[in-house]
Amino acid sequence: NAGVMQNPRHLVRRRGQEARLRCSPMKGHSHVYWYRQLPEEGLKFMVYLQKENIIDESGMPKERFSAEFPKEGPSILRIQQVVRGDSAAYFCASSPSVEQFFGPGTRLTVL
Amino acid sequence: EDQVTQSPEALRLQEGESSSLNCSYTVSGLRGLFWYRQDPGKGPEFLFTLYSAGEEKEKERLKATLTKKESFLHITAPKPEDSATYLCAVQGNTGANSKLTFGKGITLSVRP
């Protein structure tokens, strides 16, 4: 059973460009979470999704950030008009119920 | 708001020198407390879930315990390969909110 998959593993964008991060949950997992890890900071919750529904987006910045988990395909975290402060590691986790299992992360660098 | 504090921030041990990592938490109704291990450049690796005070779980050289205010991760006779950052997180049971609130982690270095 493959683990949580994320791609790309590394992403470089210039200020003002868009970043799209993808997450494929473990087979049989219907819950997807996105977290952000800044240098010297702990993991911070961003959004919780189930298929075609956003359940909790209380950790998402109000502007430029959006997330989806369509009926078919991976979950997408989209960051529009990136700024240097968006540079971080973005982790996706999936869950069958309680425990959350994390992917390897996407490291976003904004030049 | 749920809060997690881990201490110490960093810990250096000699191989074979047992110790404990602390995780203090406040949460409005605990659904679960989680321990993860994170190696540099990788995602957190799930270790344990604890659900209620008094519960203990073990895996190889690691044992996690839980009280109403804190959790400990005991490391017995550590080896260099146990070097990593150990993360503690809590999940509340209010409504549909199942997000994890993490501490900043404890970086463990084990010298051979």
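A note on names: the letters A, B, ... follow the listed sequences, proteins ahead of strands, and every chain is numbered from 1. Here the structure is a predicted model, which is why all the values come from computation and not from measurement. Hydrogens, waters and symmetry mates play no part in the numbers below; they use all other heavy atoms, side chains included.
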Give a yes or no on whether [X] and [Y] share a hydrophobic cluster (residues Ile, Leu, Val, Met, Phe, Trp, Tyr; joining criterion: side-chain heavy atoms under 4.5 Å apart).
{"X": "A/Leu21", "Y": "A/Tyr48", "value": "no"}
{"X": "B/Val90", "Y": "A/Met46", "value": "no"}
{"X": "A/Phe45", "Y": "A/Val4", "value": "yes"}
{"X": "B/Val27", "Y": "B/Val4", "value": "yes"}
{"X": "A/Ile55", "Y": "A/Met60", "value": "no"}

Per-residue contacts, residues 5-17 of chain B versus chain A, heavy atoms under 4.5 Å
none

Anything in residues 50-68 of chain B with a heavy-atom distance to chain A below 4.5 Å? Please list those residues in order.
B/Tyr51

Counting heavy-atom pairs under 4.5 angstrom with chain A, the leader among B/Gly105, B/Gly103, B/Gly43 is B/Gly43

Heavy-atom check, side chain of B/Ser98 versus side chain of A/Tyr33, under 4.5 Å
yes

Min side-chain heavy-atom separation A/Gln100-B/Pro44 under 4.5 Å
no

Residues pairing under ring-ring contact (aromatic ring centres under 6.0 Å, His included) where one sits in residues 11-39 of chain B, two or more places apart or in two chains, turn out to be A/Phe102-B/Tyr36, B/Tyr36-B/Phe46, B/Tyr36-B/Phe102

Can you tell me if B/Arg111 has over 12 outside heavy atoms packed within less than 6.0 Å of its CZ?
yes

Of the backbone (N, CA, C, O) and the side chain (C-beta and beyond), which part of A/Gln37 lies under 4.5 Å from a heavy atom of chain B, both, or neither?
side chain

With rounding to the nearest 0.5 Å, note down the distance linking CG in B/Leu100 to OH in A/Tyr35.
3.5 Å

Are there residues of residues 62-99 of chain A whose heavy atoms fall under 4.5 Å of chain B's heavy atoms? If so, which?
A/Phe91, A/Val98, A/Glu99

Closest non-hydrogen atom pair between B/Gly41 and A/Arg9, with its separation
O-NH2, 3.8 Å

